[in-house]
Amino acid sequence: MKQFFSVKDISSISQAVKSALDYKQNPYKDENLGKHKTIGLIFLNPSLRTRMSTQKAALNLGMDILVMNMTSDGWALETKDGVAMTGNTAEHIREAAAVMGEYCEVLGLRSFPKLKEAEEDYSEEFFSKFAAYCGKPIISLESATLHPLQSFTDLITIIESFDYQYNDLNKQYFPFTKKPKVVLTWAPHTKALPQAVPNSFAEWMCQAQAEGLVDFVIAHPEGYALKTEFTIGANITTNQEEALKNADFVYVKNWSSYEDYGKITCTDNSWMITSDKLKGTNNAKVMHCLPVRRDVVIASEVLDSKQSIVIQQAGNRVWAAQAVLKQILTKE
Ligand SMILES: NCCC[C@H](NC(=O)CCC(=O)O)C(=O)O
Ligand SMILES: NC(=O)OP(=O)(O)O
């Protein structure tokens, strides 16, 4: 693997999950795989989980790690070509990325969207240019439109929390008794947030559904449809109560509108996930990528209940990152 940007970069989601869960059982089984190899983690935005779990994964593989927080510690980067740099940007992405490529065998990059122009964010200009100019394998640590390490983790968490078996012959997981119903539901928030997490979760769940692993439903208010390329095959509704009926997993996330790009067009707080709302579910497990605003997105009573698996989910970030790094280091 040379790039981990989307589910399309994984040849088998089942085998990737198996590899991650093997690391969870035995974190140090490849402790020398990354010896004398350096990963550079480049952040243009804040991070707790992605930063720490990817460092932990790299440490488990014996790698060296450099972390760079560009906005506080680096030079402001220019991305446009053919302009005289007379403004606030001190360094061009061409030089900056190429230099980081000199220091590292693998790079990870976090670059959130600006949420001003859909076309600009969805072109993924920053990620693509960085990938091209650094000349090294690159892992998305959440780009403008996708968060693949998160969604890979989410699939791992669903598979380990439900009745799945792994068939060694065809190297595929399969649901032993029935497929779980997985519901992605929009929830309220005070800020306009990216669509990266829901786009990515939808992309991975649509792939899982196509492989017979889950039934996938998305619930959101009018005006919050995700870009259709990420939701092919999903059952989409604006009726949250209907969607939650018999759900086995409820994945909660706010996102800003794609249609009215980057705007908050719904402030209906009744979309918050409460214990009452979970009554119609199949004692569903509740998931969120974190950070989560308590009693805005999800009620505290839910986050503090046994139904919440958000901490287990965040813990699994290590094994997702380790499985991805393995594929990069072994050039699988
Ligand atoms: N990396 C996980 C999610 C990051 C981001 N959340 C946030 O920015 C929350 C900010 C706040 O609550 O102020 C998002 O939704 O895409
Ligand atoms: N879920 C997630 O990516 O968390 P951080 O933004 O803290 O890395």
Side-chain angles (χ1 to χ4, degrees), residues 1-11 38-47 50-51 54 66-71 74-83 85 87-152 193-204 207 226-232 255-256 258 261-262 320-321 324-325 327-328 331-332:
M1 188 197 281
K2 285 212 165 117
Q3 174 174 289
F4 185 60
F5 174 76
S6 118
V7 73
K8 297 188 186 86
D9 296 313
I10 291 272
S11 52
T38 300
I39 184 168
L41 303 176
I42 317 304
F43 289 90
L44 282 94
N45 317 91
S47 169
T50 306
R51 183 191 310 268
T54 311
L66 299 175
V67 180
M68 181 68 184
N69 301 315
M70 284 304 288
T71 42
W75 302 105
L77 293 185
E78 182 58 59
T79 54
K80 300 268 171 296
D81 285 319
V83 290
M85 287 166 52
N88 291 330
T89 53
E91 177 157 35
H92 202 280
I93 190 171
R94 284 179 180 261
E95 282 82 38
V99 168
M100 293 186 208
E102 290 288 308
Y103 305 146
C104 303
E105 278 73 32
V106 185
L107 283 154
L109 178 68
R110 167 162 286 195
S111 53
F112 283 0
K114 293 185 184 141
L115 293 181
K116 295 214 164 66
E117 303 277 345
E119 211 176 310
E120 184 188 346
D121 290 342
Y122 279 70
S123 75
E124 291 281 8
E125 184 195 23
F126 196 89
F127 190 91
S128 313
K129 286 193 166 169
F130 193 95
Y133 300 140
C134 77
K136 293 287 159 72
I138 182 156
I139 299 174
S140 165
L141 305 176
E142 189 171 343
S143 72
T145 65
L146 292 168
H147 193 2
L149 280 175
Q150 180 65 52
S151 319
F152 178 17
L193 296 186
Q195 294 111 29
V197 169
N199 282 344
S200 192
F201 185 71
E203 185 190 53
W204 282 70
Q207 180 65 33
L226 296 167
K227 195 174 187 203
T228 51
E229 70 174 273
F230 303 114
T231 60
I232 296 163
W255 62 90
S256 60
Y258 174 69
Y261 192 68
V324 168
L325 279 173
Q327 286 205 24
I328 286 178
K331 301 188 172 64
E332 266 176 38

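Nothing here was measured: the structure is a model prediction, and the numbers come from that model.
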Are [X] and [Y] close enough that some pair of their side-chain heavy atoms sits under 4.5 Å apart?
| X | Y | answer |
| --- | --- | --- |
| Phe43 | Met68 | no |
| Val106 | Lys136 | no |
| Glu229 | Asn199 | no |
| Leu44 | Phe126 | yes |
| Gln3 | Phe127 | yes |
| Met100 | Cys134 | no |
| Pro148 | Asp9 | no |
| Pro113 | Pro194 | yes |

Return the [atom1] to [atom2] distance between [X] and [Y], rounded to the nearest 0.5 Å.
| X | Y | atom1 | atom2 | answer |
| --- | --- | --- | --- | --- |
| Ser6 | Trp204 | OG | CH2 | 8.0 Å |
| Lys129 | Ser123 | NZ | OG | 8.5 Å |
| Leu226 | Phe201 | CG | CZ | 11.5 Å |
| Glu142 | Ser111 | CD | OG | 9.0 Å |
| Gln195 | Phe230 | CD | CZ | 9.0 Å |
| Gln327 | Glu332 | CD | CD | 5.0 Å |

Go through it in stages, so that I can follow the logic: the residues are Glu120 and Tyr261, the test is side-chain hydrogen bond (donor to acceptor under 3.5 Å, both in side chains), and I'd like the CA-CA distance, side-chain angles, deciding distance and then a yes or no. CA-CA 11 Å; Glu120 184 188 346; Tyr261 192 68; over 6 Å; no
Is there a salt bridge (Lys or Arg N to Asp or Glu O under 4.0 Å) between Glu78 and Arg94? Walk through the geometry before answering. CA-CA 9 Å; Glu78 182 58 59; Arg94 284 179 180 261; over 6 Å; no
Does any donor atom in the side chain of [X] or [Y] lie under 3.5 Å from an acceptor atom in the other side chain?
| X | Y | value |
| --- | --- | --- |
| Glu124 | Thr145 | yes |
| Tyr258 | Asp121 | no |
| Arg51 | Asn69 | yes |

Hey, mind stepping through Phe130 and Leu109 against side chain to side chain contact (heavy atoms under 4.5 Å, CB included) and telling me if it holds? CA-CA 8 Å; Phe130 193 95; Leu109 178 68; 3.7 Å; yes
If I compare all heavy atoms of Ser143 with all of Ala196, which pair ends up nearest, and what's the gap?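 So the two residues come closest at O-CB, 3.8 Å.
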What heavy-atom pair brings Glu203 and Val7 nearest, and what distance separates the two atoms?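 The answer is OE1-N, 3.3 Å.
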Derivation and outcome, side chain to side chain contact (heavy atoms under 4.5 Å, CB included), residues Val324 and Phe152: CA-CA 9 Å; Val324 168; Phe152 178 17; 3.8 Å; yes
Using the rule given for side chain to side chain contact (heavy atoms under 4.5 Å, CB included), can you reason through Ile139 versus Leu325, listing the C-alpha separation, both sets of side-chain angles and the distance that settles it, and then say yes or no? CA-CA 9 Å; Ile139 299 174; Leu325 279 173; 3.6 Å; yes
From CA spacing to verdict: side chain to side chain contact (heavy atoms under 4.5 Å, CB included), Leu149, Phe4: CA-CA 8 Å; Leu149 280 175; Phe4 185 60; 3.7 Å; yes
Using atom types as modelled and distance alone, determine if a side-chain donor or acceptor of Ser151 lies under 3.5 Å from a backbone N or O of His147.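 Yes; judged by distance alone, with no hydrogens or angles, the pair exists.
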Got a donor-acceptor contact below 3.5 angstrom from the Arg110 side chain to the Ser140 backbone?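 Answer holds: no.
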So with a 6.0 Å cut-off around [atom1] of [X], is the heavy-atom count from everything else above 12?
| X | atom1 | answer |
| --- | --- | --- |
| Glu119 | CD | no |
| Asp81 | CG | yes |
| Lys227 | NZ | yes |

Quick one: which of Ile138, Leu66, Ile39 gives a side chain to side chain contact (heavy atoms under 4.5 Å, CB included) with Cys104?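 It is Leu66; the other options fail the test.
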